[in-house]
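To start, the structure itself, in structure tokens.
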Amino acid sequence: MLSAESAAIVRATLPVVGASLDAITARFYETMFSERPELLDGLFNRGNQANGEQRRALAGSIASFATMLLDHPDERPDALLARIAHKHTAVGVTDDQYVIVHKYLFGAIAQVLGEAVTAEVAAAWDEVYWLMAGALIALEARIYAEAGACDGDTWQRWRVVARRDETPDTVSFLLRPAGDAPVPPARPGQYVSVRVRMPDGVHQLRQYTLSNAGEDGSRRITVKRVDGDPAGEVSTLLHATVRPGDELTLSAPFGEVTLEDGDAPLLLVSAGIGCTPMVAMLDHLVTTGSRRRVLVLHADRSPAEHALREDMLRPAAERIFWYESGAAAPDREGLMNLDGIEIPDGAVAYLCGPVPFMRDVRAQLIRAGVAARDIHYEVFGPDLWLGAN
């Protein structure tokens, strides 16, 4: 995929570029938003800018893509690209925005690295960028087509028909379409973006996994309030202001980590609000009458703080819950520990929760004999685990 000349230059400069990526992406976002502030209104999440997660995710994806081009020149890193493409389509990224990103990203590279960026170096990394951008544009066009949309226009209005407090800081909203437009299908495990106008007039987006997608066209999102974190401003606003009868703007469902059909035993592993895709998968299995063996493993702070606990107590699944406090038999106390747990042969695992939790549990599953290729994970927000597994 990468020309031999460019591959040699990228290989030689990757250590320097990689070591400077954090500074490069910081300069990139700072300059782009200074000159194009409209991009923060309904596209980029300013909370993820404030806490640095978006910057680190971009740096990680660039480094991972370049490394994969060098290590596997005849392969396209589809797993890496698909995850990014679904994140992009969920917020409505369009083809022309890759030109904007290119301008500011390469301007930042030149500013940070200075004279080290010769014409040859710039041309080699330009080739890397457009290989990645071209692949993403093609993937995103296909994803938009599958959602019945084009040019990023997947937004629809939905009416809140019920609100249910799950825990003191978690609430579920049951939604139905507010208009007559066709409702795009949702697969268990997918998420939607919710777009809201903040008190200062700026639109912001946040992704929420569908914790239920009814056959009648209804959908449910389960939202955990995040206090004291800029990235939680949308969730906090939904908690404070949204009531039955209100309307919300939602994207079509996106996300490539979805429950696949088959007969293999399933491990649904989560912590905290990471239970939402697992609940959707469980609901799908019950609705379709699946006879697969299902083992649900969940960790939380306490039973009272375990959102959607009743939804996870499905008779179709075996379950083990770990709580840091308040555990009572048959639940277990402490952090999730798979020692002594019978993991079915040939199991396929789905993980969702904080990245440190997933790293630890993934290692435990591999030690227990689960194949790495059969362990799938979902991350809320920018994926800081890209290329790490």
Side-chain angles (χ1 to χ4, degrees), residues 78-91 139 142-143 146-147 154 172-175 183-194 206-215 217-224 250-290 292-299 307-308 311-312 314 316-317 319 347-355 357-358 361-362 365 370 373-383 385-386 389:
D78 284 341
L80 169 71
L81 294 171
R83 183 173 293 272
I84 297 171
H86 276 273
K87 297 287 186 181
H88 283 181
T89 51
V91 300
L139 283 171
R142 188 178 71 200
I143 295 169
E146 291 173 352
T154 72
S172 289
F173 298 103
L174 182 64
L175 309 162
V183 176
R187 298 193 296 274
Q190 289 190 305
Y191 51 80
V192 296
S193 288
V194 177
R206 183 70 167 88
Q207 285 75 51
Y208 299 100
T209 300
L210 294 171
S211 56
N212 180 271
E215 294 183 339
S218 65
R219 288 180 178 158
R220 183 181 68 181
I221 59 173
T222 302
V223 180
K224 181 179 177 64
L250 270 64
S251 75
F254 296 102
E256 87 290 3
V257 183
T258 58
L259 182 64
E260 300 294 338
D261 293 332
D263 298 322
L266 290 172
L267 301 175
L268 304 182
V269 188
S270 57
I273 198 61
C275 65
T276 50
M278 309 311 166
V279 167
M281 292 178 186
L282 276 173
D283 182 73
H284 174 79
L285 292 166
V286 171
T287 300
T288 58
S290 172
R292 299 173 74 171
R293 182 181 176 187
V294 182
L295 179 58
V296 176
L297 308 175
H298 180 78
L308 301 171
D311 295 67
M312 300 184 81
R314 295 297 189 107
R319 70 200 60 82
V348 175
Y350 292 86
L351 313 183
C352 191
V355 170
F357 163 82
M358 292 194 294
V361 172
R362 180 176 182 273
L365 289 173
V370 180
R373 66 178 179 276
D374 291 329
I375 302 176
H376 311 282
Y377 74 93
E378 184 57 274
V379 174
F380 297 141
D383 189 352
W385 203 3
L386 280 173
N389 62 333

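- At least one side-chain heavy atom of Arg362 sits less than 4.5 Å from a side-chain heavy atom of Leu351.
- In terms of heavy-atom proximity, Ile273 sits nearest to Ala307 at CD1-CB, 4.4 Å.
- Remark: side-chain polar atoms of Ser251 are paired, donor with acceptor, to backbone N or O of Ser193 under 3.5 angstrom.
- For the pair Glu378 and Arg83, the salt-bridge criterion is met [side-chain N within less than 4.0 Å of a carboxylate O].
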Practice problem: List the steps and the verdict of side-chain contact (heavy atoms from CB on, under 4.5 Å) for Tyr191 and Arg206. | Solution: CA-CA 10 Å; Tyr191 51 80; Arg206 183 70 167 88; over 6 Å; no

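- Nearest heavy-atom pair across Gly189 and Ala280 is N-CB, 4.2 Å.
- Residue pairs that meet the salt bridge (charged side-chain N to carboxylate O under 4.0 Å, His left out) test with at least one member in residues 268-277, sequence neighbours left out, do not exist here.
- Here the closest non-hydrogen pair linking Ala299 and Phe357 is CB-CE1, 4.3 Å.
- Val91 places a side-chain heavy atom less than 4.5 Å from the side chain of Gln207.
- Evaluation of the ring pair (Phe, Tyr, Trp, His ring centres under 6.0 Å) rule for Phe254 yields no partner, not counting sequence neighbours.
- Under the 4.5 Å side-chain criterion, counting only non-hydrogen atoms from C-beta, Thr276 is not in contact with Cys352.
- Closest approach of Arg292 to Asp263, counting heavy atoms only: NE-C, 3.9 Å.
- Qualifying salt bridge (charged side-chain N to carboxylate O under 4.0 Å, His left out) partners for Asp78, counting only residues two or more places apart in sequence or in other chains: Arg76.
- Arg219 and Pro185 get closest at one heavy-atom pair: NH2-C, 4.0 Å.
- Considering only residues two or more places apart in sequence or on other chains, Thr258 meets the side chain to side chain donor-acceptor pair (under 3.5 Å) condition with none of them.
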Exercise. Kindly determine whether His376 and Val348 satisfy side-chain contact (heavy atoms from CB on, under 4.5 Å), including the steps that lead there.
Key: CA-CA 8 Å; His376 311 282; Val348 175; 3.8 Å; yes

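- Here the side chains of Met312 and His298 are in contact, with some heavy-atom distance below 4.5 Å.
- Separation of atoms CG (Leu268) and CG (Leu259) is listed at 7.5 Å; rounding is to 0.5 Å.
- Here the closest heavy-atom approach between residue Ala316 and residue Val286 is recorded as CB-CG2, 4.1 Å.
- Ser211 has its side chain out of reach of Asp311: every pair of non-hydrogen atoms, C-beta onward, lies at least 4.5 Å apart.
- In this structure the side chain of Met281 never reaches within 4.5 angstrom of the side chain of Leu266, judged on heavy atoms.
- Checked against salt bridge (charged side-chain N to carboxylate O under 4.0 Å, His left out), Asp283 has the following partners two or more places apart in sequence or in another chain: Arg314.
- Rounding to the nearest 0.5 Å gives a distance of 10.5 Å between CG of Leu282 and CG of Leu308.
- Contact of the Val361 side chain with the Leu297 side chain is not registered, since no non-hydrogen atoms from C-beta on lie closer than 4.5 Å.
- Here Tyr350 contributes atom OH and Ile375 contributes atom CD1; the two are 12.0 Å apart, rounded to the nearest 0.5 Å.
- One finds the NE2 atom of His86 at 11.5 Å from the CG atom of Leu81 (value rounded to the nearest 0.5 Å).
- For the atom pair CD1 of Ile143 and CD of Glu256, the computed distance is 8.5 Å after rounding to the nearest 0.5 Å.
- Applying the side chain to side chain donor-acceptor pair (under 3.5 Å) criterion to Arg319, with sequence neighbours excluded, gives no partner residue.
- Between Val279 and Asn212 there is no side-chain heavy-atom pair separated by less than 4.5 Å.
- Atoms CD1 and OG1, from Ile84 and Thr89 in turn, are 12.0 Å apart once rounded to the nearest 0.5 Å.
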